[in-house]
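Both backbone and side-chain heavy atoms feed into the values below; hydrogens, waters and symmetry mates do not.
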Amino acid sequence: MQLNCPMPEVDFNVITLGHGSGGLLTNRLLDKSVFSLFKNEMLDPRHDGAIFNLKGRTAFTTDSFVISPIFFPGGNIGELAVNGTVNDLAMCGASAQYMSLSLIIEEGMRMDELWEVLVGVKSAADKAGIVIVTGDTKVVDKGKGDIIFINTTGIGELHPHADIDAQRMHDGDVIIVSGEIATHGISIMSVREGLEFETDIESDTRPLNHLVQKLLDEVAEDVVLLRDPTRGGVATVLNEIARQSGFGVMLEEKQLPIDERVDSACEMLGLDPLYVANEGIFMAIVRSTSAGKALEIIKGATEGEQAAIIGSFTSDHPGKVILKSRIGGRRMVNMLPGEQLPRIC
Amino acid sequence: MKYLNEYRDSGVVKAYLQELHQCVTQPWTIMEICGGQTHSLVKSGILEMLPDKINMVHGPGCPVCVTPLHMIDKAIYLAKEKGVTLFSFGDMIRVPGSEKSLITAKAEGADIRIVYSPLEAVSYAKSNPDKEVVFFAVGFETTAPANALSVIQANKISIPNYSILASHVLVPPAMEVILGDEDNRIQAFLAAGHVCTVMGTLEYFPIADTYQTPIVITGFEPVDLVQGILLAVKQMEEGRCEVENQYKRVVTCEGNHEAKKIIEEVFEIVDREWRGIGIIPQSGYGIKEAYAGYDADKKYDVNIEKVNEPEECIAGEILTGRKKPFECPMFGNVCTPENPLGAPMVSSEGACAAYYHFKSDTEMTNA
């Protein structure tokens with residue numbers, strides 16, 4: 001947590017249905033928390049919505065966050081809710097500007113926990129440079145939620161030279177991953193009820209917009225596609241791109257960057273890191289002629305130090321993702337029908 | 001990763017493959033017992049790197065695949081009708097029962113949870129004395145010690161609301177069924193390294209002798225598998241039928257004494273039904289009378305109608321190596337991981353799942 005924000009003095013310890021009623025209790029809660037923490041000139045009028053001007057091509061995205069547990073090593077649901085939306089905008093080639101924040105709180109949530117989540121939101125928003133300009137708070141009956149759900153919607157201007165489009169794909173375009181894979185998913189797994197294991201692996205949730213802007217400033221014309229491999233991991237996203245673009249993917253297993261502790265946890269649980277969720281990394285599909293430069297730019301940033309070229313697109317096997325194994329064999333990398341489950345033994 | 005990277009070394013794999021190509025003179029059919037081995041063979045692309053003369057067929061060692069449909073129905077019945085909190089290993093929950101899988105029952109409101117260890121279920125039962133807790137104890141000799149230990153633990157700290165629905169199976173009797181079949185074509189086995197880690201290697205000597213079949217206890221990494229295949233081929237080429245231990249870094253002759261003691265304390269050997277195969281005499285573990293209070297089958301007197309396997313599913317032939325997944329007319333069209341007819345298509349150790357996920361259409365028609 002970057003911010004040192006002591007919890008405001010309030011005369012309640014838990015959120016009750018009354019805090020979502022729209023009346024006095026709601027106002028008291030929001031005054032002490034949301035409005036004081038996120039204070040800015042667009043939010044302060046407390047209007048039904050925010051009013052602002054936009055110029056040029058604009059990206060618009062929304063995402064809902066239902067993660068359990070809400071606090072995990074390396075972050076909380078609040079940070080995730082901001083970074084998720086900021087990164088979705090970044091993947092469109094846009095810099096994050098304005099954001100909405102909707103909270104669906106389960107009756108009985110502790111105020112200190114809500115405060116910690118909101119501080120997480122503020123901290124992440126400041127890092128990304130996005131402003132929270134509108135929002136909503138609802139409280140649902142105990143048992144009808146899971147402590148807190150958050151929806152964020154973001155809007156941002158596109159980089160003037162960005163042309164992110166799978167249809168621009170060429171044979172030989174290179175896939176760069178900006179950091180170690182599977183870190184976030186395994187950190188969550190390590191604290192999930194029933195599957196806990198001792199580890200110091202922390203989620204890598206972080207805003208990627210600054211790094212993406214830097215990349216676009218230098219080689220925008222040669223960046224074909226940007227994707228953050230969140231749910232379903234690298235394998236699922238590459239399959240989606242392969243289907244969408246009509247090209248195939250050739251992946252090199254030995255090039256995949258992965259933290260040794262994460263790799264060990266995947267081995268123990270029987271999970272394939274290619275399908276484990278990520279938060280703090282993105283994949284850039286770039287023209288092969290610019291791949292070296294793009295990799296250098298990404299590796300030059302703290303959040304991209306572990307970046308690597310992991311494969312390329314090819315017209316050889318359209319729509320299919322094939323992996324060259326460490327020992328030189330080949331196998332398909334398909335989409336999974338559902339969530340990966342830990343194996344028996 | 002120490003102890004893993006060494007066994008994924010492409011140089012070592014290539015050297016063994018080269019030796020294999022040099023020593024094989026005639027066609028051989030080898031069965032790897034364990035589903036973990038099947039997945040590793042397919043995932044690392046070894047099957048395509050082997051000499052054409054070597055035919056690898058995939059064995060019954062997928063615990064989820066051989067758990068009878070009736071047991072899944074029982075587990076669902078306990079969770080839905082008896083209101084128990086059912087704990088299960090992860091890859092059990094998508095396996096179809098006669099009408100639905102555990103994951104569907106969960107979506108319908110049953111309290112079904114995934115754990116990595118049965119001791120988590122004991123701990124939950126202890127913290128929630130008002131809830132009846134059942135652990136779905138499936139698996140081979142590998143999971144038996146932990147499942148038995150959960151019963152011992154529950155008994156020791158007096159947790160009456162914990163029990164297990166046991167469906168444990170044993171590897172050697174299944175090997176004998178395969179070898180005793182008049183149509184058997186298996187000429188050598190790669191035995192399951194992890195099962196032998198618990199049980200040791202001694203029980204395989206009489207099988208190798210009786211059926212004159214080489215048995216190589218083999219690990220799970222690419223180097224292990226290629227070396228295991230090489231050892232088996234060398235035996236066959238030289239006319240030997242021995243038990244060899246490729247997985248010496250883990251497996252000893254006697255196995256794990258403590259683990260075996262725990263198994264013996266709680267379980268006794270019983271006849272067991274194997275999904276797709278039928279009843280194999282003396283092929284599984286049942287809970288001893290002394291621990292009958294922890295036997296969910298007895299505790300809840302589960303009496304539900306037994307439903308037969310869908311006829312179109314050839315899981316039995318797949319699990320005994322008589323057919324390969326792509327030889328099934330349902331494979332990949334009617335039967336997929338989203339809509340499986342049988343367990344091998346959904347388990348993380350199932351042969352059909354391995355082929356579906358990792359092999360391309362062309363490879364399958366050529367395999």
Looking at B:Tyr16, I'd like to know if its OH atom is crowded, meaning that more than 12 non-hydrogen atoms belonging to other residues, nucleotides or ligands lie closer than 6.0 Å. no
Given heavy-atom pairs under 4.5 angstrom as the criterion, report whether the side chain, backbone, both or neither of B:Leu4 touches chain A. side chain
Using heavy atoms and a sub-4.5 Å threshold, report which of residues 238-264 of chain A line up against chain B, by residue number. A:Glu260, A:Asp263, A:Ser264
Sort B:Leu17 into side chain, backbone, both or neither according to what part of it lies under 4.5 angstrom from a heavy atom of chain A. neither
Which of B:Glu338, B:Lys14, B:Met49, B:Arg94 touches chain A most, by non-hydrogen pairs under 4.5 Å: B:Arg94
Based on non-hydrogen pairs under 4.5 Å, which of B:Ser88, B:Pro337, B:Ala121 is most in contact with chain A? B:Pro337
Heavy atoms from other residues, nucleotides or ligands near NZ of B:Lys43 exceed 12 (cutoff 6.0 Å): yes
For the OH atom of B:Tyr116 and the CE atom of A:Met189, what is their distance to the nearest 0.5 Å? 10.5 Å
For residues 267-274 of chain A, give me every residue with a non-hydrogen atom less than 4.5 Å from any non-hydrogen atom of chain B. A:Glu267, A:Met268, A:Leu269, A:Asp272
B:Asp52 CG: over 12 foreign heavy atoms closer than 6.0 Å: no
Counting only N and O atoms by type, is there a donor-acceptor contact under 3.5 Å from the side chain of B:Ser10 to the main-chain atoms of A:Ile327? no
Counting only heavy atoms closer than 4.5 Å, note whether B:Pro222 contacts chain A via side chain, backbone, both or neither. side chain
Heavy atoms of other groups near A:Arg231 CZ, more than 12 under 6.0 Å: no
Name the region of B:Val42, side chain, backbone, both or neither, that has any atom closer than 4.5 Å to a heavy atom of chain A. backbone
Greatest number of heavy atom pairs closer than 4.5 Å to chain A - which of B:Gly45, B:Gly90, B:Cys34: B:Gly90
Measure from the side-chain N and O atoms of A:Asn334 to the backbone N and O of B:Phe358, and report whether any donor-acceptor pair falls under 3.5 Å. no
Report yes if some heavy atom in the side chain of B:His357 is under 4.5 Å from a heavy atom in the side chain of A:Val333; otherwise report no. no
Can you check whether B:Ser44's main-chain N or O pairs, donor with acceptor, with A:Arg331's side chain at less than 3.5 Å? no
B:Ser348 versus chain A, heavy atoms under 4.5 Å apart: side chain, backbone, both or neither? side chain
Which of residues 171-186 of chain A get closer than 4.5 angstrom to chain B, counting heavy atoms alone? none
When you look at NZ of A:Lys299, are more than 12 heavy atoms from neighbouring residues, nucleotides or ligands closer to it than 6.0 Å? yes
Residues, nucleotides or ligands: over 12 heavy atoms within 6.0 Å of A:Lys324 NZ: no
Where does B:Arg113 contact chain A at under 4.5 Å (heavy atoms): side chain, backbone, both or neither? side chain
Would you say B:Asn333 has more than 12 foreign heavy atoms packed within less than 6.0 Å of its CG? yes
Taking a cut-off of under 4.5 angstrom between non-hydrogen atoms, the residues of residues 302-319 of chain A near chain B are none
Would you compute the distance between atom CG of B:Asp9 and atom CZ of A:Arg326 and round it to the nearest 0.5 angstrom? 11.0 Å
